[in-house]
Amino acid sequence: MAAPLPIAPADPDPSFAELLAARPHLSMNALDGLMVEGVPLARIAAAAGTPTWVYSAGALRRRARALQAALVGDGLRAGIHYAVKANTSLAVLRVLAAEGLGADVVSEGELRAARAAGIPGSAIVFSGVGKTERELRLAIAEDIAQINIESAEEAAMLSAIAASLGRTARVALRVNPDVDARTHAKITTGRSENKFGVAIDDAPALYARIAGLPGLEPVGVATHIGSQITSGMAAYRAAYARLAELVEALWAAGLPVKHVDCGGGLGIPYRDEPAPMPEALAGAIKASLGRLNLPVMLEPGRWIAGPPGLLLASVVLQKQGADRRFLVLDAAMNDLVRPAMYEAWHGILPVGPVDFVSPVAPADVVGPVCETGDTFARGRALPSMTPGALVAFLDAGAYGAAMSSTYNMRPLAAEVLVDGTRFAVTRDRQSYEALLAGNRIPDWLEERSP
Ligand code: LLP
């Protein structure tokens with residue numbers, strides 16, 4: 001199985017220079033150290049402290065454009081709905097909205113974030129296996145482009161709500177094609193045992209039923225087979241081929257299908273693993289769905305937002321253990337949970353120009369949280385570093401800040417957007433007041449106090 005690479009793989013890691021070469025928005029300046037576009041990370045650390053998420057607007061734009069170009073290049077009529085779950089920063093959303101991307105949302109919070117960033121309802125798609133009545137009402141009120149229905153039960157619920165409001169909701173039916181995306185088990189979604197979508201064999205009957213329900217207008221079919229797909233296009237092709245057959249069956253039954261939502265999932269190279277380019281995905285869509293001659297939708301998250309982001313952290317101390325060296329950072333699993341949760345490998349670069357060229361030796365890179373799982377990397381080749389030295393975790397723009405928590409009562413980290421030679425704090429570091437806010441000690445506990 002092509003699972004994400006473990007945090008301590010057996011073969012040698014790419015060198016710092018190799019990691020940099022593959023990430024054009026990053027560079028090493030002999031005086032200023034590691035830079036994001038035209039801004040030294042040391043300046044950002046001085047202004048915003050650490051840990052801090054740093055996003056490159058230029059890289060976000062380049063990736064949005066590259067994806068659009070790949071789809072257009074294959075003659076596809078395609079709308080990209082960026083999967084907001086990957087990175088919910090309003091500044092990031094605004095950059096992507098300006099590139100003409102819509103949003104794929106999975107909760108009221110994400111819908112509100114997309115709207116707050118200026119994405120119109122007409123460019124928003126709502127996915128998810130458990131949308132609440134309140135969320136569906138909001139989706140209808142915002143007149144969003146499409147609600148992706150994942151069950152017969154949800155269809156009935158949405159129909160009742162829409163009809164009671166005297167509105168019509170445009171819906172797509174998310175089908176589960178039962179293909180194996182060959183990715184990490186925790187992020188595979190297109191197998192029959194997964195909770196997502198309806199079985200493809202049940203789809204024609206349900207689609208017909210939806211067409212007859214008040215308040216619903218079926219407009220298409222959707223699928224999403226998993227995330228961080230790097231094992232080639234076979235799974236995509238198989239899933240889309242099944243969708244194409246489904247669309248033809250629906251048409252034959254006289255049912256309207258106006259477009260196909262192809263989901264997200266395109267993987268990125270975190271280490272040096274081969275990862276498919278958007279052209280390959282466009283080719284798979286064309287090969288399997290091209291004969292339908294329908295507009296398609298895409299819901300990419302990681303491919304757009306992952307590489308443009310990094311997590312900037314400071315060394316708290318370097319500790320010599322019984323048999324290994326530990327680099328203890330001020331960032332932890334509550335900030336970037338991917339290594340702990342999926343054994344994910346993230347590149348780690350020293351930021352200081354001297355650290356960058358100093359001799360390296362294996363070190364375990366850990367956070368201060370009281371769990372052994374709070375380990376970012378094992379045996380990583382890094383220089384000896386003193387307290388306060390900076391490091392950058394690469395490719396942390398997707399499922400980084402978005403998945404962070406306040407575990408161990410650690411405030412949510414700040415976020416910064418870099419654009420050329422400018423940068424701005426786009427989310428303040430959470431204050432300790434905000435961290436404690438909302439907590440209340442009931443009166444009746446006070447009464448028992450001595
Ligand atoms: N559409 C739907 C319906 C999804 O569930 C997802 C991701 C996407 C689109 C975007 O997928 P992407 O293009 O980003 O692969 N936290 C995990 C990834 C979870 C993905 C969940 N669904 C990680 O850090 O690897």
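As the structure lists them, so they are numbered: ligands from 1, and atoms in each ligand from 1. Note that these values count all heavy atoms, side chains included, but never hydrogens, waters or copies made by symmetry.
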Is a donor from one side chain sitting under 3.5 angstrom from an acceptor on the other, for [X] and [Y]?
X	Y	value
E37	S56	yes
T52	R429	yes
S404	N334	no

Numbering the atoms of ligand 1 from 1, which are under 4.0 Å from a heavy atom of [X]?
X	value
A83	8 (C), 9 (C), 10 (C)
G264	9 (C), 13 (O)
M403	16 (N), 24 (O)
G265	11 (O), 12 (P), 13 (O), 15 (O)
P300	13 (O)

Name the closest protein heavy atom to [atom], giving the residue it belongs to and the distance to 0.1 Å.
atom	result
atom 19 (C) of ligand 1	I187 CG2, 3.7 Å
atom 8 (C) of ligand 1	H224 CE1, 3.4 Å
atom 14 (O) of ligand 1	Y399 OH, 2.6 Å
atom 16 (N) of ligand 1	Y342 OH, 2.8 Å
atom 4 (C) of ligand 1	K85 NZ, 3.0 Å
atom 15 (O) of ligand 1	S227 OG, 2.4 Å

### Task
Decide whether the shortest distance between a heavy atom of A86 and an atom of ligand 1 is less than 4.0 Å.
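No, A86 has no heavy atom closer than 4.0 Å to ligand 1.
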
### Query
A398 near ligand 1, heavy-atom distance under 4.0 Å?
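The answer is no: ligand 1 sits nowhere under 4.0 Å from a heavy atom of A398.
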
#### Entry: Considering all heavy atoms, the nearest L266-Y236 contact
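Looking at all heavy atoms of both residues, the shortest contact is N-OH, 3.0 Å.
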
### Where N408 and V369 come nearest, the two heavy atoms and their spacing
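The pair with the smallest heavy-atom distance is OD1-CA, 3.4 Å.
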
### Query
Taking the inter-plane angle between the rings of F16 and F356 on a 0 to 90° scale, is it parallel (under 30°), tilted (30 to 60°) or perpendicular (over 60°)?
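The rings of F16 and F356 sit tilted, inter-plane angle from 30° to 60°.
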
### Query
So, for H346 and Y270, is the gap between ring centers shorter than 6.0 Å?
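H346 vs Y270: aromatic centres under 6.0 Å.
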
#### Entry: Test item: R410 and D335 side chains (from C-beta on) under 4.5 Å apart, heavy atoms
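The answer is yes, as the side chains (C-beta and beyond) meet within the 4.5 Å cut-off.
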
### Query
Does V296 reach the side chain of H259, with side-chain heavy atoms less than 4.5 Å apart?
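No, too far: nothing below the 4.5 Å cut-off.
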
#### Entry: R380 to W345 six-membered ring, cation-pi geometry met (6.0 Å, 45°)
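Relative to the ring axis of W345, which defines the angle, R380 lies inside both limits.
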
### Query
Do any nitrogen or oxygen atoms of E299 lie less than 3.5 angstrom from nitrogen or oxygen atoms of ligand 1?
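Between E299 and ligand 1, an N or O pair is found under 3.5 Å apart.
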
### Query
Who gets closest to atom 18 (C) of ligand 1 by heavy atom: Q228, R338, R302?
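It is R302 whose heavy atom sits nearest to atom 18 (C) of ligand 1.
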
Please work out whether any backbone atom (N, CA, C, O) or any side-chain heavy atom from C-beta onward of [X] is under 4.0 Å from ligand 1, and answer side chain, backbone, both or neither.
X	result
N148	neither
W303	neither
M341	neither
R174	side chain

### Message
Does R112 have more than 12 heavy atoms from other residues, nucleotides or ligands lying within 6.0 Å of its CZ?
### Response
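Count not over threshold, so no.
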
### Task
Inspect the contact between D202 and R209 and indicate whether a charged nitrogen and a carboxylate oxygen are less than 4.0 angstrom apart.
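Salt bridge absent between R209 and D202.
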
